[in-house]
Amino acid sequence: MNNQGRPTRPSGGETTRRGTFTGNRALDMEEALIFETGRLDATGVDLEAPAPFASKLGAHARSAAIGLPGLTEPEAVRHYVRLSRNNYAIDAGLYPLGSCTMKHNPRLNEKMARLPGFADLHPLQPISTVQGALELIDALAQALLTLTGMSAVAMSPKAGAHGELCGMMTIKAALAARGEDKTRTVVLVPDSAHGTNPATAALIGLSVRAVPAEADGVVSAEAVEAALAPDVAAIMLTNPNTCGLFERNIVEIADAVHAAGAYFYCDGANFNAVMGKTRPGDLGVDAMHINLHKTFSTPHGGGGPGAGPVVLSARLAPFAPAPSIVGTGDALSLAEHHEGRQAFGRMSAFHGQMGMFVRALAYILSHGGDGLRQASEDAVLSANYVRASLIDLMSAPFGDRPCMHEALFDDRWLKDTGLTTLDFAKAMIDEGYHPMTVYFPLVVHGAMLIEPTESESKASLDLFIMTLRDLAMGALGGERERFVAAPVHAPRRRLDETRAARQPTLRWAKPTPA
Ligand SMILES: *Cc1c(COP(=O)(O)O)cnc(C)c1O
């Protein structure tokens, strides 16, 4: 509806299909853009006209109206509440997005993060007034070091990709200290890597040399040795990899990389599969980011900022970015420079995502070491349960072997149906599920990557499996309509995602009156 109380969607098509005057279907409401709902010439607040003043903006003063829609408070609240009801969320249902670890965010974490002593901190407060916050960051850092068996940790990166950048900048700083940063300019990256890995390398001026995986989905030490040369700065290897497999040659790979004078960056976004079981420090890793928003259950996917601390080996520890927490007891401080350190600089203005640190530490302390280990074991068990329950209907490139925390299928089983991975994923929306990750990793044709996580009950997994089995049998049994038209029950039908990506319309334009 717009502010005149009329439906803003064109009548016909959509409205007719929905079959109501308003276009709403009970709780499923049509929601217009905020610009269509509000009035550009009105305001929802009553501000007094300012006293006359001399503007200091000069030529920068705004000359045209700002164009913000005016809404009353209830209109603004309703707009966002209605929009939020169109979101799929981990609090609404199972969210099997592979490589994303969409696990439950325990409410205890939220309660802790809202304690005023943490929630109301300002990053510029005097250091003497934030001793508890520094102690918390330090406690989380120690926990991460214990879980990873590494020597140092940089807490400030704000996402996995930012952590990659931090780790690779640390590696570059270490190479510079050896006088080899100009000669070592290549990063080895396996074909199955997350797109952020080559992007990170490119961002700091390094070029990428691809390393192929073996037919069984993992990288061999021989393939790495063949790609190693005096120009190699580092390898970026994901473990478990994005096919959901443990890189079982990882120790030999680390040895070969070190023997060639290069560093081993491990993409640790999938730490949820090995936490409490394997320590990257024991595998020869030099730097690894940890996605607190994946493994340690802090919200993500539009739900809040991420946090990507980077753990470092003894070799790289001296080059960790500033600042570091120093001191003991009630006399903690943030040091820009300190003994034995050659920090390359800072990753961000402040010291990281405080709210995420509180949530992650709450998660760690409430689980304990045994609980964290069980979380990984249950995550792997859930993924294998899904894999084993679907393998008779759906094809899996490495399906004859147990997987880690995610089960990977391909589209060979759809070959004679005329349906695609996308059709199958869209049909899941009609059944009330967020689709799994599709078409990633790129090395597998029509990939469907399912990560159920440890936080689903067996009943929840069983319903999900039965739903996918029903869909798979429908696909194999010729129920084309159920797939090619899907989703039919979502607020919008199948969107032209390619066009949306290629020609995004990011700005609302006032329609010209007909
Ligand atoms: C999620 C993920 C990343 C990137 O993490 P962001 O926090 O989204 O930047 C990198 N690598 C892998 C394997 C991932 O799954």
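Just so you know, ligand 1 is whichever comes first in the structure, and atom 1 is the first atom listed for that ligand. What you see is a predicted model; the values in this text were computed from it and never measured.
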J.: With only distance considered, is H289 within less than 3.5 Å of ligand 1 through an N or O on each side?
T.: no
J.: Of all the atoms in ligand 1, which lie at a distance below 4.0 Å from a heavy atom belonging to T196?
T.: 10 (C), 11 (N)
J.: Less than 3.5 Å between some nitrogen or oxygen of D267 and one of ligand 1, yes or no?
T.: yes
J.: Are K426 and E497 ion-paired here, with the side-chain N under 4.0 Å from a carboxylate O?
T.: yes
J.: Say you draw a straight line from OG of S297 to CE of M102; how long is it, rounded to the nearest 0.5 Å?
T.: 12.0 Å
J.: Go through ligand 1 atom by atom and flag the ones less than 4.0 Å from a non-hydrogen atom of S99.
T.: 1 (C), 13 (C), 14 (C), 15 (O)
J.: If you have a sec, work out which protein heavy atom is nearest atom 2 (C) of ligand 1 and how many Å separate them, to one decimal?
T.: K294 NZ, 2.5 Å
J.: Between H194 and F440 (judged by ring centroids, cut-off 6.0 Å), do the two rings come close enough to count as a pair?
T.: yes
J.: Give a yes or no on whether a salt bridge exists between D392 and R469, defined as a side-chain N under 4.0 angstrom from a carboxylate O.
T.: yes
J.: Whether E336 and R346 form a salt bridge (side-chain N of Lys/Arg under 4.0 Å from carboxylate O of Asp/Glu) is what I want to check.
T.: yes
J.: How close do A254 and F264 get, counting heavy atoms only, and between which atoms?
T.: CB-CD1, 3.5 Å
J.: With a 4.0 Å cut-off on heavy atoms, is H293 touching ligand 1?
T.: yes
J.: Any nitrogen or oxygen of A159 lying under 3.5 Å from a nitrogen or oxygen in ligand 1? Just yes or no.
T.: no
J.: What I want to find out is whether R184 reaches D231 closely enough, with some N-O distance under 4.0 Å, to be called a salt bridge.
T.: no
J.: Can a non-hydrogen atom of E164 be found less than 4.0 Å from any atom of ligand 1?
T.: yes
J.: May I ask you to identify the nearest protein heavy atom to atom 5 (O) of ligand 1, giving residue, atom name and distance to one decimal place in Å?
T.: N291 ND2, 3.1 Å
J.: Numbering the atoms of ligand 1 from 1, which are under 4.0 Å from a heavy atom of A269?
T.: 2 (C), 11 (N), 12 (C), 13 (C), 14 (C), 15 (O)
J.: So, regarding G160 and ligand 1 (criterion: nitrogen or oxygen to nitrogen or oxygen, under 3.5 Å), is there a contact or not?
T.: yes
J.: Does the pair R279/D282 count as a salt bridge with the N-to-O cut at 4.0 Å?
T.: yes
J.: So which protein heavy atom does atom 9 (O) of ligand 1 come closest to, and at what separation?
T.: A161 N, 2.8 Å
J.: My question is simple, although I want it checked carefully: is atom 15 (O) of ligand 1 less than 4.0 angstrom from any protein heavy atom?
T.: yes
J.: Using a strict threshold of under 4.0 Å (side-chain N to carboxylate O), is an ion pair present between K415 and D411?
T.: no
